[in-house]
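Heads up: the structure comes next, in structure tokens.
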There are 2 protein chains.
Amino acid sequence: MPASLRSREEAVAHLLAVFQAHGYDGASLAQLSKATGLGKSSLYHHFPGGKADMARAVLARVNRWMVETAIEPLKGPGKPARRLARMLETLDAFYAGGRKCCVLGNLVVGGGRALVQAELKAVFDLWIGALADLAAEAGVPRAQARERAEDAVAMIEGALILAGGRGDPAPFRRALRRIPEHLLARD
Amino acid sequence: MPASLRSREEAVAHLLAVFQAHGYDGASLAQLSKATGLGKSSLYHHFPGGKADMARAVLARVNRWMVETAIEPLKGPGKPARRLARMLETLDAFYAGGRKCCVLGNLVVGGGRALVQAELKAVFDLWIGALADLAAEAGVPRAQARERAEDAVAMIEGALILAGGRGDPAPFRRALRRIPEHLLARD
DNA sequence: GTCTATAATAGGATAGAC
DNA sequence: GTCTATCCTATTATAGAC
């Protein structure tokens, strides 16, 4: 991999951290510049569209990460319960056990929403679809599998909100523990 | 009630709408001025601390509303299931069936977080406590009642995120429908 | 209490040297 | 590709008349 690509990846990782913590409107170029170690002009060299481009790059990275590490593994070989468990472990690590904010939730507030609405919907649909497929494979009727998948995603997002709002990561970890039975139980 | 108090209440209602739609950092004084129909100087007359004061006033209003219309009714007379149903109807109306953003979620992003962290935790704790009391009254063991109450709040918040993210209010309404059985079932 | 006018600053974005 | 210096605008906030 060329050094330029690698450094861009690193820059996007830093941008992600700023947007995750401060949201779209709350992230200033000064913060983004400091976090990446690049001057403003250098940022504009890599992201000609300015802050909007940076947010899109961050969202693209989240999408890719989500597909590669959370959604694709759901389709791999092995027992459904085991595949689900691996996805939940990945999520747990990404959100530091509930101590980090929900990237998507924070990016979607204010000026960020218009920029990312379509891509955000795509991630949610992909995620829900993959979970529903898994539940169906485990023997849950189709319609019920879809509803349970939506519930699972909602529980994860809601638990992140609750964890952030109360400063206590416990609800998030508990939500992750409860999801397997909710999603895969055959009644 | 004096006219001044009434007009302040009205102003706060308009401020709420702006913060709910744009978040703390995304809401500008120009927008807040236009929404209330007051000039900037008039806003500073009512809220000397500027935008931060306005956000706190909005949060105080949300807190009061939450206690009066969602939490107190949970303690009233009547069957627990019926009281819960009334609270859920109130929430449904407030969030327009899932078509409006979560006020708390949007206010807490970016610069708003530091302002409201303590009050946000208080609302969540009040809400969860009231729901847990209700479940306990309905015969659910204490520890389980508490967990189910946290799950219920997380489901509501998560469903609002999902509804906003996908532009489809269905998950929110379905979450409201599912909560009674989740919270009150005796197994 | 509300307004007009204005300050003071921070924010996003660009120019041009190296 | 990165930097320094700069521009322009929007934003927060204040002064002072009415």
Side-chain angles (χ1 to χ4, degrees), chain A residues 1-59 61 106-116, chain B residues 1-59 106-107 109-116:
Chain A
M1 182 184 301
S4 64
L5 270 189
R6 170 167 169 74
S7 80
R8 190 181 200 271
E9 279 297 289
E10 283 175 4
V12 172
H14 291 299
L15 297 175
L16 166 67
V18 177
F19 282 122
Q20 183 172 24
H22 300 99
Y24 182 79
D25 294 305
S28 71
L29 283 189
Q31 287 173 308
L32 296 166
S33 171
K34 186 176 179 184
T36 54
L38 295 170
K40 293 183 187 179
S41 297
S42 300
L43 281 179
Y44 275 89
H45 174 76
H46 292 286
F47 308 96
K51 201 162 88 160
D53 262 14
M54 299 180 214
R56 275 185 286 262
V58 164
L59 195 78
R61 186 193 166 82
N106 271 11
L107 254 183
V108 86
V109 171
R113 169 169 287 120
L115 289 170
V116 302
Chain B
M1 181 185 301
S4 64
L5 270 188
R6 169 167 170 75
S7 80
R8 190 181 202 273
E9 279 297 290
E10 283 174 3
V12 172
H14 292 299
L15 297 176
L16 167 66
V18 177
F19 282 122
Q20 183 171 23
H22 301 99
Y24 181 80
D25 295 304
S28 70
L29 283 189
Q31 289 172 308
L32 297 166
S33 171
K34 186 177 179 183
T36 54
L38 295 170
K40 295 180 186 177
S41 297
S42 300
L43 280 179
Y44 275 91
H45 175 75
H46 293 286
F47 308 96
K51 202 162 88 162
D53 263 14
M54 300 180 215
R56 276 186 286 261
V58 163
L59 194 79
N106 270 11
L107 252 184
V109 171
R113 169 167 286 121
L115 289 170
V116 302

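Every chain is numbered from 1 and lettered A, B, ... according to where its sequence line falls, protein lines coming before strand lines.
- With a 4.5 Å cut-off on side-chain heavy atoms, B/His22 and B/Leu32 do not count as touching.
- Of the residues in residues 17-40 of chain A, those lying under 4.0 Å from DNA chain C by heavy-atom distance are A/Ala27, A/Ser28, A/Leu29, A/Lys40.
- Taking each heavy atom of B/Thr36 and B/Leu15 in turn, the nearest pair found is CG2-CD2, 3.6 Å.
- Minimum interatomic distance between B/Gln20 and B/Asn106 (heavy atoms only, all atoms of both residues): O-ND2, 2.6 Å.
- Between B/Met54 and B/Phe19 there is a side-chain heavy-atom pair separated by less than 4.5 Å.
- Proximity of A/Asp25 to A/Val109: side-chain heavy atoms (C-beta onward) are nowhere separated by under 4.5 Å.
- Stems are defined here as 3 or more consecutive Watson-Crick or G-U wobble pairs with pairing distances under 3.5 Å; those involving DNA chain D are C:1-10 with D:9-18, C:12-18 with D:1-7.
- At a cut-off of 3.5 angstrom, the base of D/dA15 holds at least one donor-acceptor pair with the side chain of B/Ser41.
- Of the candidates D/dT12, C/dA5, D/dG1, D/dT12 carries the atom nearest the B/Lys51 side chain, counting heavy atoms from C-beta on.
- The two residues B/Ser33 and B/Lys40 make their nearest non-hydrogen contact at OG-N, 3.9 Å.
- Between the NE2 atom of B/His45 and the P atom of D/dG16 there is a distance of 18 Å, given to the nearest Å.
- Contact of the A/Leu38 side chain with the A/His45 side chain is not registered, since no non-hydrogen atoms from C-beta on lie closer than 4.5 Å.
- For the pair B/Phe47 CZ and C/dT2 C1', the computed distance is 15 Å after rounding to whole Å.
- Comparing C/dT14, C/dA5, D/dT2 by their nearest atom to the side chain of A/Tyr44 picks out C/dT14.
- Side-chain contact between A/Arg113 and A/Tyr24 is absent, with no heavy atoms from C-beta onward closer than 4.5 Å.
- The distance from atom CZ of A/Arg8 to atom C1' of D/dG1 is 14 Å, rounded to the nearest whole Å.
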